[in-house]
Amino acid sequence: MKLYNTLTRKLTELQPLDGKTVRMYSCGPTVYDHAHIGNLSAYVFADTLRRAIQVAGNFDVQHAMNYTDVDDKTIRRSREEFPSDTPHEALQKLTGKYIQIFNDDMRRIGNDVGALQFVRATDPKVIWGMQDLISRLHKKGFAYIADDGVYFSIDAYRKAGKTYGQLLELNAQNTSEARIQNDEYDKESAHDFALWKTQKDGEPAWDFTLDGHSLKGRPGWHIECSVMSRQLLGQPFDIHTGGVDLIFPHHENEIAQSTALETDPMMAHIFAHNDHILVDGKKMSKSAKNFYTLDDIVAKGYDPLTFRIKVLQSHYRSQVNFTWESLDAAQNLLTGLRAWADLKHQKAAHQRGGELAAAYKTALSNMLDALRNDLNTAEALRWLAQLADTEQVDPEKIQSLLNILDRLFGLVLADRPDITHEQKDLIASREAARQAKDWPLSDKLRDQLAGQGISLRDTQNGPIWSRLG
RNA sequence: GGCGCCGUGGCGGAGUGGUUACGCAGAGGUCUGCAAAACCUUGUACGCCGGUUCAAUUCCGGCCGGUGCCUCCA
């Protein structure tokens with residue numbers, strides 16, 4: 001299986017570093033608000049990548065994701081929403097609430113939450129791990145204490161013969177004016193970043209003593225992922241995922257922290273980044289009024305899995321243009337796939353013999369090839385759409401095929417229930433009326449079924465039902 | 001200013017140096033009690049200008065447009 005590696009800007013063959021299990025870390029949400037569809041698309045990518053590695057790549061996967069549950073935004077919102085609580089309690093309440101909402105969103109868009117190991121940045125073990133790493137970095141001269149916290153010294157890192165700029169080369173020419181002129185912090189160098197921030201008024205804080213200084217405060221953003229990934233997966237691990245916005249500085253800084261004290265310069269073998277969603281061709285922003293959450297999509301009557309299809313219909317490394325019209329297309333495709341899956345319940349649609357079974361085999365093999373090719377989900381979905389564009393299914397083979405498709409795409413096609421006996425009786429009665437050429441009764445029964453969300457079409461083998469919408 | 005990515009038919013969106021992507025929507029037809037589905041047919045697609053080539057949407061250069069990163073945003 002090949003995957004584009006931001007580190008090398010090349011397609012890289014995926015081989016588990018330990019020979020059997022692909023260890024994967026996905027930068028998770030900052031849990032201070034509802035995730036927007038851009039956030040969610042990143043998690044559809046991570047989820048689909050894991051599925052592809054397991055099913056198409058045939059490797060075991062250990063997949064970890066963090067919740068960033070302490071930072072400026074979570075703290076600010078927690079004080080707004082829970083002003084009468086202590087800072088720690090308020091933070092707990094806020095982040096607990098949004099973790100719940102996030103997990104619900106994940107499930108609704110078909111991401112397998114159960115396949116993920118989650119960890120919170122404020123987990124005591126993580127806090128301890130961060131303090132330990134900061135202490136060791138400080139001891140070796142990679143960190144220094146300033147007025148408002150502890151900073152990582154990029155200069156020291158470079159002097160140790162290490163490369164800062166593995167993902168994005170930084171130099172005087174491409175450093176923004178704002179950054180150079182930013183002397184708000186007591187930093188030795190413009191690119192140095194905070195490992196630890198000392199407490200400000202009303203902020204939750206953890207005790208921390210470093211080199212005799214009492215530095216009660218909270219962790220910086222980047223150190224969280226360095227410690228969590230290592231605690232859960234070890235180092236180096238195989239794949240680090242995230243949105244393109246995280247390439248710099250977040251992932252660059254993670255690499256620096258994680259490798260400063262190591263002889264191995266590698267934090268993760270492959271960094272895989274998904275590009276952003278555009279809405280009507282524009283960057284999504286609240287001020288442009290093109291900013292959506294999953295609830296907005298559901299409120300317009302779309303199935304959440306429609307969004308998943310929409311994301312999978314394009315390549316993860318290209319900008320997806322989200323439009324309501326394209327979501328309509330995705331919804332219709334989803335309805336079609338479900339109607340196809342429902343054919344397994346209907347004798348009128350069954351076709352035995354090797355023809356369909358062979359087609360299943362070919363289509364599946366094409367899908368797996370597409371996914372092995374840098375996760376070309378658009379290509380894979382094309383084969384799926386073609387496969388499902390039929391009135392017939394092989395009753396012997398369809399279920400196992402649906403099971404595999406669900407493992408691959410998460411579109412929940414495999415366990416769709418049959419219609420009720422009452423509905424089947426209605427269909428039979430209507431067919432009898434139709435045979436008797438009693439068109440008024442026949443149409444009345446058809447309308448009755450339509451009222452229950454069941455539409456019928458008459459074929460040479462008898463009526464076939466499908467669910468509306 | 002620096003470093004990138006992208007520009008494909010009504011919409012979305014793959015891909016390729018010379019042959020139909022695909023999905024959705026549209027038009028005409030066959031079929032049908034009606035309907036739906038199915039099937040058949042159909043729409044001068046590759047931002048603009050040059051260059052390389054027997055041949056470019058596909059490679060190269062320029063231009064125009066979109067978009068991203070360059071301090072905490074997926």
To the nearest Å, how far apart are A:F248 CZ and B:A74 C1'? 18 Å

Residues in ring-ring contact (aromatic ring centres under 6.0 Å, His included) contact with A:Y302, at least two apart in sequence or another chain: A:W324

What is the separation between atom CH2 on A:W383 and atom P on B:G15, rounded to the nearest whole Å? 14 Å

Closest non-hydrogen atom pair between A:A256 and A:Y157, with its separation: O-CE1, 3.3 Å

Suppose you measure atom C1' in B:U41 against the same atom in B:A55; what distance do you get, rounded to whole Å? 30 Å

Looking at side-chain heavy atoms only, is the closest gap between A:P249 and A:H191 below 4.5 Å? no

Mark up nucleotides 9-14 of chain B, 5' to 3', with B wherever a protein heavy atom is under 4.0 angstrom from a base atom, S wherever such an atom reaches only the sugar-phosphate, and - elsewhere. --SSSS

Contacts of A:Y316 that satisfy ring-ring contact (aromatic ring centres under 6.0 Å, His included) - sequence neighbours left out: A:F45

Looking at A:Q386, I'd like to know if its CD atom is crowded, meaning that more than 12 non-hydrogen atoms belonging to other residues, nucleotides or ligands lie closer than 6.0 Å. yes

Atom C1', compared across B:G23 and B:G66: separation rounded to whole Å: 24 Å

Could you check whether atom NZ of A:K2 has more than 12 heavy atoms from other residues, nucleotides or ligands sitting under 6.0 Å from it? no

Would you mind reading off the distance between A:L337 atom CG and B:C22 atom C1', rounded to a whole angstrom? 12 Å

Classify the ring geometry of A:Y292 against A:F322: parallel below 30°, tilted from 30° to 60°, perpendicular beyond 60°. tilted

Starting from C1' on B:U71, measure out to OH on A:Y151 and report it in whole angstrom. 10 Å

Between B:C5 and B:C39 - C1' atom distance, rounded Å: 43 Å

Complement of B:G10, any strand, by Watson-Crick or G-U distances under 3.5 angstrom: B:C24

For A:G242, report the nucleic acid contact type (base, sugar-phosphate, nothing); a contact means any heavy atom under 4.0 Å. sugar-phosphate

Under the 3.5 Å rule, do the base of B:A74 and the side chain of A:H273 count as making a donor-acceptor pair? no

With sugar-phosphate meaning primed atoms plus P, OP1 and OP2, does A:I247 contact a base, only sugar-phosphate, or nothing at under 4.0 Å between heavy atoms? nothing

Over how many whole Å does the gap from A:L384 atom CG to B:G23 atom P extend? 11 Å

B:C24 and B:G33, which share atom name P, separated by this distance in whole Å: 27 Å

A:H138 meets the side chain to side chain donor-acceptor pair (under 3.5 Å) criterion, sequence neighbours left out, with none

Looking for any heavy atom pair under 4.0 Å, which part of the strands does A:I277 touch: base, sugar-phosphate only, or nothing? base

With B for base contact, S for sugar-phosphate-only contact and - for none (protein heavy atoms under 4.0 Å), nucleotides 31-40 of chain B reads --BBBBSS--

N or O in side chain of A:K73 less than 4.0 angstrom from B:C72 OP1/OP2: no

Should A:N332 be listed as having a side-chain N or O under 4.0 Å from OP1 or OP2 of B:G23? no

Say we look at B:G62 and B:G9: how far apart would their C1' atoms be, to the nearest angstrom? 27 Å

Same-atom distance (C1') from B:C3 to B:G12, integer angstrom: 30 Å

Could you check whether the rings of A:Y164 and A:F193 sit parallel, tilted or perpendicular, using 30° and 60° as the cut-offs? parallel

State the pairing partner of B:U30; accept Watson-Crick or G-U wobble contacts with both distances under 3.5 Å, and report none otherwise. B:A38

With both distances under 3.5 angstrom, what nucleotide forms a Watson-Crick or G-U wobble pair with B:C3? B:G68

For the C1' atoms, the ones on B:A37 and on B:U16, what distance do you get once it is rounded to whole angstrom? 34 Å

Length of the line joining A:N274:CG and B:C73:P, which is rounded to integer Å: 16 Å

Return the 5'-most residue of the pair A:L381, A:N373 with respect to RNA chain B, ranking by each residue's nearest nucleotide. A:N373

Test: A:R338 and A:D342 ion pair at under 4.0 Å: no

Rounded to the nearest Å, what distance is computed from the CZ atom of residue A:F102 to the P atom of nucleotide B:A74? 10 Å

Nearest whole angstrom, please: distance from the C1' of B:G15 to the CG of A:D374. 14 Å

Stacking of A:H276 on B:A74 base (centres under 5.5 Å, planes under 30°): yes

How far does the P atom of B:G68 sit from the matching atom of B:C60, given to the nearest Å? 25 Å

Among all residues two or more places apart in sequence or in another chain, which pass the side chain to side chain donor-acceptor pair (under 3.5 Å) test with A:S226? A:Q257, A:S258

